[in-house]
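Note that the structure is a prediction, hence the values are computed from the model and not measured. Every chain is numbered from 1 and lettered A, B, ... according to where its sequence line falls, protein lines coming before strand lines.
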Amino acid sequence: MTPDERFEDLWTDFLEGELGAEGLDELQRLLASDPALARRAADLYGEHRLLGLAHQSDDRFVRETVDRALRDREGFVESVVRRAAPPASRFPRVLGYVAVAAAAFLLSLGLQLLPSTPPAGPVATLLRADGARWDRHGVLPEGRRLLQGRLRLLEGSAALLFDSGAVMLLTGPTDLDLESRGRALLRSGKVTVEASEAYGFTVGTPKGDAVDLGTEFAVAVEAGGATEVHVLQGEVAWERPSGKARVIQTGQAVRFESTPEGRGVPLTGKGFKELLQSIRPEPRGKAPAVYEGFDYPAGTIEPAQASGGLGFKGPWRVRTAEEAGRDPDPSTAMVIQPDGLSRGGSLQFPAARTFRIRPLAEPLDLGRDDVTYVSFFLRQESVAPNEESFFRLTFRPSDNFAGHVVGFGMPPQRRPTIYRNRDNFNSSVTFESGVVQFWVCKIASRRHGPDEVFLRIFRPDEPAGDHEPATWTNQTTPFESDVKLDLLVITGTGQGRQWFDELRIGKTWESVTRKE
Amino acid sequence: MIDRARLESDLRRVRDGDPAGFEAVVRAFEWPIRTWIVAHCPPGGDADDVAQRTFIEAFKRIAEYAAGTDFRAWLFTIARYQLMAESTRLRRTADYHRRYAPHALAEELERRGDAAEAAGLSEQLDQLRTCLGGLNPQAREILGQRYREGMPLEEISRRTGRSIGALKKYLFTLRSKLHECIARKTATETT
């Protein structure tokens, strides 16, 4: 078979969604080895999608878009009001109007000056910090999403996880520009990078770019611009705007100062692991702030009797008549199974549609700069394909139960979903039923700027790790909200039984994933 | 060609909260935006969802558009941002490249993310429609089953009496023919 024929086979299976992992690897190798073929594949792929468009001649897109925009109008009105009127303002009404008009004028002026600049997006996450003080931000919480732009660590040390998978360790003082998920510009200071999962990660410096070729390396930039690159493992390509790239090998260290070629210096960088271990997480929040282990007597109990755990404002309850509308719960009791998924008991959902609600002592406030992690265990009985269960855990506001939601779910098609109001974010990965899954969710909120929600599901043989992952099972696109969510709602639907256990809500990855 | 005065009038209606104005704007830019997003959306992404988010974001932020400036460029900036967000979301999904997109293809698609070529893409869509019209009825029917109705290959195979292997080969041949037809038309129009 000629390479062209092989490409034809692989490509057709790829477009039909029938290409397995091995086939995808083979296709990747073919495309990577032949740039012309990669260009042809991109042409064919574009045309394949245009074919889909060419076969749509009805009004569906316009109708759906207008409907969706109108449904979202509430959010539009809220955002305008939020931008125009400071929430804490208690000015007399006339002064209030003046303030609103002035804010609107300044806003429009600013936007006219910068009409087409997209807002800075999140590109990295603060994994750990030890005594870290940041310029402009002060202290940042673990898990904080970091936007593109300048980041200055004044003192202490920290570990950043770029969205490409590269981990960067910083020691203050360090002055950095986060340019993208795969590139940072080091203005001054020292960083150590581990980028085995992020081939091509680049640290720019005033003297040139250090491009990762699957490795660990350290880069230091002195106040005068002199730059050193120390390769601890693997290889680094050193690239300058003019001149040839060179490869720096394991164990080599080069100082670039007065000559573009640089000169060898002794390797002094500490190993990545050693450095990472030396960054001790801040003492904040090692224990969860909310915990429910369903440590209740086995059997059937009324929700009002289930008032254990930590961090709640009251016992479990079913929906009120107003919350349920025309869809009342068919059952009101809670079934506690003695041998839980982790320890103590677990909550068993009957084969029906049930909602169980518990008010939180501290609401999740999306209007605040904060990071909240949520974890729990879930097992869903294996049943016939058309009888698969539906599980959802959502957070809602008690003063607008149906209006706002952030949540996580496993619908019958078994692709985990994140819910944000009326938007559903479906994962590309399917999960089998019948086994105990460990779910870890992250809600990263900002007072000003984008919020994001993430979900990672661990199968029984997967360790959760000691810090959050670079890749998630699912995540939302950035959105803006300042809603306060004070109700925890868990919902079970379908013919199969489901077990839910060991709910933890905390401020750090460790607080919700640590084995007791 | 979009009538500029008409567009500004529709945008004023959108600012006043008139859904009909918004609908008119969506109709005016539906195909340029959809073709551009479809051509650049990474495999596994939902191009129509990204296009809808683009219009909805424009609707929400219409107060930020400076009247009389280039609305098309403003809208494409939003589209580019929405596409970036979708790409980031997909890339951070576990096993993305192993499940959906070889790196080399994703990178090549990403390199093409320039809104300036949107006009060219709209022309390409028109050319594709013309080229489709030049195929024989049976070929058009099979492509319609595959792309309009989203039928699985097994079902098309059952209906047409072709084996799945033969059907895959036929689809590849049809796509290649269309590719060549578009290339010929592009060459004719540019010489």
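- The closest side-chain heavy-atom distance from B/F59 to A/T65 is not below 4.5 Å.
- For B/Q82, no part lies under 4.5 angstrom from a heavy atom of chain A.
- With a 4.5 angstrom heavy-atom cutoff, A/L51 touches chain B via backbone and side-chain atoms both.
- The part of B/I182 that comes within reach of chain A is its side chain, from C-beta onward, which places non-hydrogen atoms under 4.5 angstrom from that chain.
- Options A/L30, A/L27, A/L15, A/D9 differ in how many heavy-atom pairs under 4.5 Å they form with chain B, and the most are formed by A/L15.
- Taking a cutoff of 4.0 Å between a charged side-chain nitrogen and a carboxylate oxygen, B/K169 and A/E8 qualify as a salt bridge.
- Interatomic distance, CD1 of B/I56 versus CG of A/D423, reported as 7.5 Å (0.5 Å rounding).
- Across A/T476, A/L31, A/L50, A/L44, the residue that shares the most heavy-atom pairs under 4.5 angstrom with chain B is A/L50.
- Contacts with chain A were tallied for B/A47, B/S176, B/A51; B/A51 has the most, counting heavy-atom pairs under 4.5 Å.
- A/E47 places none of its side-chain heavy atoms less than 4.5 Å from the side chain of B/R175.
- A/R49 places a side-chain N or O within 3.5 Å of a backbone atom of B/C41 that can act as its donor or acceptor partner.
- Between chain A and the options B/D126, B/L171, B/D49, heavy-atom pairs under 4.5 Å are most frequent for B/D49.
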Intermediate values then yes/no, side chain to side chain contact (heavy atoms under 4.5 Å, CB included), A/F61 and B/W31: CA-CA 10 Å; A/F61 179 85; B/W31 292 107; over 6 Å; no
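- Contact record, A/G46 with B/V38: O-CG1, 4.5 Å, taken as the closest heavy-atom pair.
- Between the CD atom in B/E86 and the CZ atom in A/F425 there is a gap of 8.5 Å [rounded to 0.5 Å].
- In this structure, no portion of B/D46 lies under 4.5 Å from any heavy atom of chain A.
- Smallest separation of non-hydrogen atoms from A/G52 and B/Y147: N-CD2, 3.6 Å.
- Residue pairs meeting the ring pair (Phe, Tyr, Trp, His ring centres under 6.0 Å) criterion with at least one partner in residues 148-188 of chain B, sequence neighbours excluded, are absent.
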Side chain to side chain contact (heavy atoms under 4.5 Å, CB included) between B/L105 and A/Q28, intermediate numbers included: CA-CA 8 Å; B/L105 174 63; A/Q28 159 65 16; over 6 Å; no
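- Here NE2 of A/H48 is found 13.0 Å from CG of B/L178. Values are rounded to the nearest 0.5 Å.
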